[in-house]
2 protein chains.
Amino acid sequence: MVKIRKEKIKIRRIDYLPARQVTFSKRRRGIFKKAEELSILCESEVAVIIFSQTGKLFDFSSSSTKDVIARYKSHTGEKSNQSMLDQLQLEKENTIRLSKELEDKTRKLRHLKGEELQDLDLDELQKLEKLVEASHGRVMETKEKKIMSEIMALAKKGDELVEANNQLKQRMVMLSARGDIGPAAIMELENLNNGGEEGVTSESATNVTTSSNSPLSLEDDCSDILSLKLGLP
Amino acid sequence: MVKIRKEKIKIRRIDYLPARQVTFSKRRRGIFKKAEELSILCESEVAVIIFSQTGKLFDFSSSSTKDVIARYKSHTGEKSNQSMLDQLQLEKENTIRLSKELEDKTRKLRHLKGEELQDLDLDELQKLEKLVEASHGRVMETKEKKIMSEIMALAKKGDELVEANNQLKQRMVMLSARGDIGPAAIMELENLNNGGEEGVTSESATNVTTSSNSPLSLEDDCSDILSLKLGLP
DNA sequence: TCGCCTATTTTTAGGAT
DNA sequence: AATCCTAAAAATAGGCG
């Protein structure tokens, strides 16, 4: 029963481990008690979460710690785990749906390419054949239209070039008439631009408008034309 | 400076609202202070979450309430919001990837069906045409094979039926020879089974094995045959 | 709502078990 | 680690501004 002097302790880390552990235990209980009292006295919801230095978890709650945490999260504007789970579920269903669609399309694509036909019955094969035939027709048609329009574009460009050429030549002639350059240079130009043809002169420069190309029957097979790469936009 | 008698309070709901509010405020600060002291004295992580009766949130934490909550959740085996977010992100990327693939396949499918060809260039159109042609060939081939095999199956079934029929007739003849049924019934049977043909009798019943069908040239267009629905497995 | 006051209750440091 | 003891420290009920 020896009474020992005590003095107020400083709020700083307790260095002596056993003392620290004891204090932790005592004060922890103290806080939990206070928390409970507060929740009862004032009808409030209280949660206390404590991790000891060793990582051990101690928690108290007037109701359920998880509930209080959920309420805390909704208060701080965070999405709850539940709504997150819902979203995840939705995304997964989405993925499954997309996968199914993809599988279906992949299958159809194979069939249209003439692959894996063995799992089609006669009826389906007939429909597929009709489809492929129709498709072939449209592809041919589109291709021919495209070829025509590209040839037109080429022809137009050619005409424009001829026109530009003629205007250039006209200028050259005028310049040579004024003695700025010699006639030899003009000859050189003409040979460079139309190899072997009769020289296009200024008088025919205005009526090079339409259908000046070679005749082309697009009704026939024109795979030889197709094979040349048309470098137009 | 009048000294007033005080007595220990009971831990039960404080009915008088103003007193309750004051107590809430005082004790709340008390708990927070204790919590802080504990965290410092014992180097522990502490979080206190309090909801007042009016729904107002008060929280204290030695570090960050969210961190403590995350630690709490990982301790109680729940998935953290973060890992959930990661998962969600992953799913979303998955969805985007699938959507892109789907779009691509849809496009290709359209082209193979001869739709939306205008956004193909000449080169692509040519490749597509080749593909469709090849596909058409394979579809035709497969269809013909299928038709052949179905006809074979039909023929086989037919032969089996004829065979069964003959055996049945043979029995009938034997039965009639024993006087169990009259000859009129046999005639009736024969007329029912082969309308107009000469009666198939027991002596031809054993050699109905192969190629007893009508001649069919499958090399030609056989769309008229295709149109009849073959109800075989 | 807050701070201040003060008598009283409650908590707790330190020791011992 | 928990519990008891005790004196000192801290918290706080109730009142007042």
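Below, chains carry the letters A, B, ... as their sequence lines are ordered, and counting in each starts from 1.
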Please state how far atom [atom1] in [X] lies from atom [atom2] in [N], giving the value in whole angstrom units.
| X | N | atom1 | atom2 | answer |
| --- | --- | --- | --- | --- |
| A:I9 | C:dG14 | CD1 | P | 6 Å |
| B:K10 | D:dA13 | NZ | P | 16 Å |
| A:I14 | C:dT12 | CD1 | P | 12 Å |
| A:R27 | D:dA9 | CZ | C1' | 10 Å |
| A:E36 | C:dT11 | CD | C1' | 16 Å |
| A:Q53 | D:dA1 | CD | C1' | 16 Å |
| B:I11 | C:dT11 | CD1 | C1' | 13 Å |

When you measure from the side chain of B:S62 to the backbone N and O of B:S39, does any donor-acceptor pair fall under 3.5 Å?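 Between the backbone of B:S39 and the side chain of B:S62 there is no qualifying donor-acceptor contact (under 3.5 Å).
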Once hydrogens and angles are ignored, does a donor-acceptor distance under 3.5 Å link the base of D:dA11 to the side chain of B:K26?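 No.
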With nearest nucleotide decided by heavy atoms, which residue, B:R28 or B:L41, maps closer to the 5′ end of DNA chain C?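 It is B:R28 whose nearest nucleotide is closer to the 5' end.
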Using heavy atoms to find the nearest nucleotide of DNA chain C for B:K34 and B:R29 separately, return the residue whose nucleotide is more 5′.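 Nearest nucleotide further toward 5': that of B:R29.
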Closest to the B:S25 side chain, choosing from C:dT9, C:dC2, D:dG14: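 Among the listed nucleotides, the one closest to the side chain of B:S25 is C:dC2.
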Can you tell which of D:dA10, C:dA13, D:dA13 lies closest to the side chain of B:K33?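 The answer is D:dA10.
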Passing candidate, side-chain contact (heavy atoms from CB on, under 4.5 Å) with A:H111, options A:K108, A:R107, A:K113: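 By the side-chain contact (heavy atoms from CB on, under 4.5 Å) criterion, A:H111 pairs with just one of A:K108, A:R107, A:K113: A:R107.
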Go through B:E163 and B:Q167 one step at a time and tell me if the side-chain hydrogen bond (donor to acceptor under 3.5 Å, both in side chains) criterion holds. CA-CA 6 Å; B:E163 166 78 5; B:Q167 289 190 1; 3.0 Å; yes
What I want to check is whether the side chains of B:T142 and A:Q118 have a donor and an acceptor closer together than 3.5 Å.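 No donor-acceptor contact under 3.5 Å links the two side chains.
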